[in-house]
There are 2 protein chains.
Amino acid sequence: MAARDAAREDRREGIIDVARACFLAEGYGATSMSTIAARLGGSKGTLYNYFRSKEELFEAVVRCSCVQLRMRLEAHPEAGDVRKRLEGVAEAFLRHLISPEALGIQRLVIGEGERFPELARLFYEAGPRIGLAHMAEMISGLMDQGVLRKADPTVAASQFRDLALSGVHYLRLWRVIEDPSPEEIAARVGAAVDTFLRAYGPEQP
Amino acid sequence: MAARDAAREDRREGIIDVARACFLAEGYGATSMSTIAARLGGSKGTLYNYFRSKEELFEAVVRCSCVQLRMRLEAHPEAGDVRKRLEGVAEAFLRHLISPEALGIQRLVIGEGERFPELARLFYEAGPRIGLAHMAEMISGLMDQGVLRKADPTVAASQFRDLALSGVHYLRLWRVIEDPSPEEIAARVGAAVDTFLRAYGPEQP
DNA sequence: GTCTATAAATGGATAGAC
DNA sequence: GTCTATCCATTTATAGAC
C-alpha cells in the first residue's frame, strides 16, 4: 500500500512541477489546464484526478514553492570579520531573490494576490520573513560582539536588507535590468555594507 | 468638429477609467470585455469602436496612468533643514507609492510584464526613475551646501530611497500589512533618516 | 488511473439594424 | 456611434470507455 501511495505522490509532484513551469512562464490567467496536461504528456482527466480545480492546483504549486524556499534560506555562513559576514549573507540572499524561479513566483504571488490573498501571506511568511529573521539574528550577534554599536537589531536588519537588496531586486521585478553580473552584485552589496557600517559601526569617542 | 472630437475624447477617457477600475480590481486576465462594457453601462460594440482589442485598451489604461503619475511626482518641498527636507520628500513619495491606485498599477504591470514588456519599462521610466532623479538632485544640492558629505549623489539617493521606502512598500505590495497609519510612516521615515544622516552627515574631524 | 470525447459556459471579436 | 445578436475559439470540468 505504501508503494502505491508513494507512486501517487510522485505523480502528484510531477504535475506540480509542470504546472509551476507553465504558471511561471505565462502567468495564472494565461495558463490553461489543457496546456498543463499537454506539457505533462498526460490528459486533463488525470489532472482532475489529483486536483479538484485549477485554483487548487495553483495553491499546491505555491505551497510547494514555499517549502523549497524555506529549506534554501536555512543555511548562512558564520565565518570572517563583520564586513565579510555582512557581504556574504547579503550576496546569498540577493542571488536567491533574483533567481529566475524566485522572481517568477514573486511576480505570480504579487499579481494574483487579489484572487489568492492567503497565499501571499503564506509565501511571505515562508520567504522574506524568515530571511529577515536570520539577518536580525546575525546582526544581534555582531552587536553583542561589540563590532556593531548597540541598536534595535530588527530595525537594523530591515535597513540592511533594504540597502543591500531592494535596489537590484526592485529593478529585476520590473524587468528594467537584465540579470546582473557577479561584479555588479558585489559592487552594489559593497556600497550597501559601506553605508551600513558608517551608520552602525562601533562608536569611536 | 472640435466639439465632436472633444465629446469622443471624453467618452474614450470614460472607458479608460472604467477599464482601469476593472483591471485594478481583478487583474488583466480575469477582466473580460463584457464585464467592462456592463460596468460602463454600454455594450461591447462601443468598446471595440474605441479600441481595436483588449490588449490595446490595457495599454491605453497603463499609458494614461503614466501621465498622471508623472504629473504627481513633479512637486517636492524645498524648505527646512536637512532632516526636515529628507523626511518631507520621503513621506511624500512613500504616501504616493502605497496609495491603492498606485499599488494596483504596480501589481498589474509587474504581474503582466511578461505579456507587455514594453509597458513595464515605460511605467518604470515614468515613475520610479523620475522619483529617483528628483531625490538625487535634492541630495546633490545638500552636498553642495555642505550639510551632507561629498559622495556620489546617485548612489546616495538610491540608498536613501531603499532605506526610506522599500520596507513599507514591499510589505504593501505583498499585502502583508494594511495601509500604515501616519504615525507608522513617520516612524519608519524617521529611522531611515537617522541612519542616512549617520552615514552621509558631514564629517567631523 | 488514465485516456477520449464532450458538455456547458465564457472569452474576444464582428455584423448589421437603427 | 451605439445597440442586439451572434460567431467561433477556448475554457474549465465531467462522463464513460478501457
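Below, read A as the first sequence line, B as the second, and so on, with proteins coming before strands; counting in each chain starts at 1. These values consider heavy atoms only, across backbone and side chains, with no hydrogens, waters or symmetry-generated copies. The model shown is predicted, which means the values in this text are computed figures rather than measured ones.
Listed candidates were dG1(D), dG12(C), dT12(D). Nearest to the side chain of Lys54(B) is dG12(C). Nearest to the side chain of Asn49(B), among dC3(C), dG1(D), dC3(D), sits dG1(D). In the set dG11(C), dT12(D), dT2(D), dT2(D) carries the atom at the smallest distance from any side-chain atom of Tyr50(B).
Here dA13(D) presents its P atom at 10 Å from CD of Glu56(A), a figure rounded to the nearest Å. Rounded to an integer number of Å, the gap from Met33(A) CE to dC3(C) C1' is 16 Å. Following rounding to the nearest Å, Glu55(A) (CD) and dT11(D) (P) show an atom-to-atom distance of 17 Å. Remark: P of dT2(D) and CD1 of Ile15(B) are 7 Å apart, rounded to the nearest angstrom. Whole-Å rounding puts the Leu40(A) CG to dC3(C) P distance at 8 Å. With rounding to whole Å, Leu57(A) atom CG is found 15 Å from dT11(D) atom C1'. Regarding Phe51(B), its CZ atom lies at a distance of 13 Å from the P atom of dA13(C), rounded to whole Å. For the pair Tyr48(A) OH and dC3(C) C1', the computed distance is 16 Å after rounding to whole Å.
With hydrogens and angles ignored, a donor-acceptor pair closer than 3.5 Å exists between the side chain of Lys44(B) and the base of dG12(C).
Ser34(A) has no side-chain polar atom (N or O) that falls below the 4.0 Å cut-off from OP1 or OP2 of dT10(D). At dT11(D), one or more side-chain N or O atoms of Ser32(A) fall inside 4.0 Å of OP1 or OP2 (strictly under the cut-off). Checking the phosphate oxygens (OP1, OP2) of dG12(C), no side-chain nitrogen or oxygen of Arg52(B) falls inside 4.0 Å. Taking side-chain N and O atoms only, Arg11(B) has no distance below 4.0 Å to OP1 or OP2 of dG1(D).
You'll find the side chain of Gln106(A) stays beyond 4.5 Å of the side chain of Ile110(B), heavy atoms only.
Annotation: Arg8(A), atom CZ; neighbour count of heavy atoms from other residues, nucleotides and ligands within 6.0 Å is above 12. Atom CD of Glu178(B) sits in a sparse spot, with 12 or fewer heavy atoms from other residues, nucleotides or ligands closer than 6.0 Å.
Residue Ser43(B) is the one, among Gly29(A) and Ser43(B), whose nearest nucleotide of DNA chain D lies closer to the 5' end (criterion: closest heavy atom).
Here Thr31(B) lies in heavy-atom contact (under 4.0 Å) with sugar-phosphate atoms only. Within the nucleic acid shown, Ser53(A) comes within 4.0 Å of sugar-phosphate atoms alone, with no base atom in reach, counting heavy atoms only.
Ring pair Tyr28(B)/Phe58(B) is perpendicular by interplanar angle, where above 60° counts as perpendicular and below 30° as parallel. His169(B) and Tyr170(A) have perpendicular rings, their planes meeting at more than 60° on a 0 to 90° scale where under 30° would count as parallel.
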